[in-house]
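Throughout, protein chains are lettered first and strands after them, A, B, ... in sequence-line order, and every chain is numbered starting at 1.
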Amino acid sequence: MQDNIFKVNEKEYILPGSRACQGCGLSIAYRFILKALRENTIVSIPPSCLCVLHGLYPSTSVIVPAINSAFASNGASASGLVAALKALNRPDMTVLALSGDGGTYDIGIQSLSGAAERNTDFIFACYDNEAYMNTGTQRSGSTPLGAVTTTTPVLTKQEHKKDFIRIMEAHNIPYIATVSPAFPIDLYDKFVKADRIKGTRYIHIDTPCPPGWGYPTKDTVKIGKMAVETCMFPLLEIEDGKLRLTGRSKTLAEKGKKPPIIEYVERQMRFRKMSIEQLNQLQAWVDRRWDDLVRRAGD
Amino acid sequence: MSDVRIITGNEAAALAVTLCEPQVLAAYPITPQTKIAELLSEYTEKGILKAEYVRVESEHSALSVLIAASTAGARTFTATCSNGLLYMHEQLHWAAGSRLPIVMCCVNRGVGAPWSIFNDQQDAMSQRDTGWIQLYCRDNQEIIDTVIQAYRIAEEVYVPVMVCYDGFILSHTMMPVEVPKGEEVKGFLPPYRPHTFLDPERPCTINPVFFPWRRENAEGVLCDGYMEMRRKLQNGLERAKGVIAETSREYAERFGRDCGGLIWTHRTEDAEFIMTGMGSIAAETTLAADLLREEGVRAGVVGIRSYRPFPKEALAQAMGGAKLIMVLEKCLSYGYEGGVASDLKAALYGTGVDAPVVGVIAGLGGRDVRIDDMLTAARESLEGLKSGQCGNRTLWLNCHGEE
Ligand SMILES: Cc1ncc(C[n+]2csc(CCOP(=O)(O)OP(=O)(O)O)c2C)c(N)n1
Ligand code: SF4
Ligand SMILES: [Mg+2]
């Protein structure tokens, strides 16, 4: 395990001038993902903010080979890369499919599920900004209860987000992890580890998004930390069915106490229309999931 | 010694694919294509075909797999039809837009709703404008020969090729077929040279967002905009006309069989009445033409092998002497007429060929297309021509209901 930032690969794979917004959580995460996976990586990209981050033809800010896929296709596109690399005898390459929450939870779920069921030898990472940001913050299957989006503008989202970790667990894949760009060393370590495992590896990244969530661009790391701190977004690993809490989440579990989500919620404009009942519902949802994770981690 | 086997169209397709040695396959079952997916599974599991076979969860994924694999430098194959082909629609555009030489068999079948598992050509017709080359086969021999040629054409012009043949009529019917030798196919088909690379030494992002206008790259070179890329795809398909004809010619020289290139003809030298169509229905019209000749009608057939690119020059030339043209087709553009009839009329416009074109919609959802019905339609139209009653109109063959 890397215990400090000085052990992280120094090389940069994203050059200055990417097309992402100021303070984009995805940009921070992507920077550390590529540092962890290094040169021999091919990225498959669905339409999303990541596609825009890569730049507009004929320039790109990213210096690893990448292929764009259709929105529903990223799991299949990665499967095609894996198959071709095998057929062409290039075993040294890592295939990374990096999709937004829309490209994972919603339109991309079929091809991801198919690829995972085939235990395709690749990393699928979902960067979760909890809405369709590229098209202007519409609701997705990952948007939390009570959030305003441009398709839940008046009443806010009425449903909880899907528990995608459990969906991926049901595929019995060798490695599942959650990470946050607010904890870049933990993120880096988990990608380094995932890179050494064979089969389908699923990594879920919480990527705060200033324009979509409604907070100042300087606060991305703070918001990311609070998501972990309030257990909205626990850090974990599941290897061969065994769940572990990691980093800050592990310490929180040991302490047996966590702050309420209100501290996280009130900093974001997307929750401005949230009712007290919704806040309580969301808190109850967080508590239930957290208790379950703590129990499983202790088993 | 030639290797002649009595096999179905689907087996012919699977054998041809095996001879072309694709490196990545992906397919999803759908009647009447399924046997190809099954046979290729068997061949790869037995090691007869050394390829990665991705057993995908949908047709959309099948083509997505091939798009990525072809971009990474692998020769690829898939097969589908009907609703499976429709489900691929987004990716058909993506494959052509990426200029990937993917080869696919489309075992033509009617599309739902309502469900029909039987043959017509509405599936491929509805994908006409996706930028794929579409070649139609007359019989099982042509399936083998066309699949092999398809790889050469696709890899020459960097445009994907759909090899279309009629479900059940060919896919499930046994016919004697000569199977070429692997060595001979290798001699005819050079290895695949990909146009892009996914190489860490030369990193690039493939198919990013394009602006409407042209933009300079980091070296100051002005690069294509979206519209230039589209024009290049169109030019690729235009260039494919020559390549399809030339590939057919060279194949004929090497293997002794000629599928005709863009079109094939039957007794057209002096023909005044010309029937035309695609695939097995066109092959059947040759019997009708022969019978009409016995009645003293100077009848002939022009078969359209390449529907896209549409061989307008070759068609105008072959139909130069026609006084009446009849298009028999198993598809239509609802609210207008059969697609082949529309395309043909547009192709003949301004060429001096001004024979009326009668469209005949036939065989939808597997409805019988009988020679007798063809002859009746032909005779009526010829009568109409004499009495000046025959304009550009559309008939429905062997179909009940209101006019
Ligand atoms: C088939 C299809 N439907 C819709 C779109 C439009 N579209 C492009 S990106 C996007 C949203 C992406 O959301 P997500 O996956 O969460 O990534 P994000 O933009 O949030 O990074 C949508 C709806 C598309 N490109 N393709
Ligand atoms: S909208 Fe959000 S996720 Fe997208 S680039 Fe901007 S900050 Fe990043
Ligand atoms: Mg999103």
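- In this structure, no portion of A/R38 lies under 4.5 Å from any heavy atom of chain B.
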* To do: Could you please spell out the steps behind the side-chain contact (heavy atoms from CB on, under 4.5 Å) verdict for B/I67 and A/S69?
  => CA-CA 9 Å; B/I67 286 166; A/S69 72; over 6 Å; no
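- The parts of A/I67 that come within reach of chain B are both its backbone and its side chain, each placing non-hydrogen atoms under 4.5 angstrom from that chain.
- When each of B/E201, B/R55, B/R202, B/R214 is checked for heavy-atom pairs under 4.5 Å with chain A, B/R55 comes out on top.
- Between A/A87 and B/Q23 the shortest heavy-atom distance is CB-O, 3.7 Å.
- Interface remark: B/Q91 contributes side-chain atoms only to the contact with chain A (heavy atom separation under 4.5 Å).
- Heavy-atom contacts from other residues, nucleotides or ligands closer than 6.0 Å to CZ of B/R231 number 12 or fewer.
- Environment of CZ in B/F197: crowded, with over 12 heavy atoms of neighbouring residues, nucleotides or ligands closer than 6.0 Å.
- Both the backbone and the side chain of B/A72 come within less than 4.5 Å of a heavy atom in chain A.
- The two residues A/S77 and B/A68 make their nearest non-hydrogen contact at O-CB, 3.0 Å.
- Side-chain atoms of A/K86 and B/V24, non-hydrogen and from C-beta on, never get closer than 4.5 Å to each other.
- Between chain B and the residues A/G80, A/A115, A/S113, the most heavy-atom pairs under 4.5 angstrom are made by A/G80.
- Looking only at heavy-atom pairs under 4.5 Å with chain A, the residue among B/L66, B/D199, B/V221 that has the most is B/D199.
- The minimum heavy-atom distance between A/N68 and B/N207, with the atom names listed, is ND2-O, 3.1 Å.
- Both the backbone and the side chain of B/V209 come within contact range of chain A, with heavy atoms under 4.5 Å apart.
- Only the side chain of B/E90 has a heavy atom closer than 4.5 Å to any heavy atom of chain A.
- With chain B as the partner, the residue from A/G114, A/S59, A/A83 showing the most heavy-atom pairs under 4.5 Å is A/A83.
- For chain A, the nearby parts of B/S58 are the backbone and the side chain; heavy atoms of each come within less than 4.5 Å.
- Heavy atoms of other residues, nucleotides or ligands lying less than 6.0 angstrom from CD of A/Q22 number 12 at most.
- Put simply, of A/A66, A/G55, A/A70, the one with the most heavy-atom pairs under 4.5 Å next to chain B is A/A66.
- The shortest heavy-atom contact between B/L198 and A/R90 is O-NH2, 2.7 Å.
- Taking CD1 of B/I206 as the reference point, atom CD1 of A/I45 lies at 10.0 Å (rounded to 0.5 Å).
- Here B/S64 is the residue among B/A74, B/A26, B/S64 with the most heavy-atom pairs under 4.5 Å with chain A.
- Between A/E39 and B/P200, the shortest heavy-atom distance links the atoms O-CB, 3.7 Å.
- B/R215 and A/Y57 make their closest contact through NH1-O, 3.1 Å (heavy atoms, listed as atom of the first residue, atom of the second, distance).
- For A/L88, the part sitting under 4.5 Å from any heavy atom of chain B is the side chain, from C-beta outward, and nothing else.
- Interface summary for chain A: among B/T196, B/L63, B/V54, the most heavy-atom pairs under 4.5 angstrom belong to B/V54.
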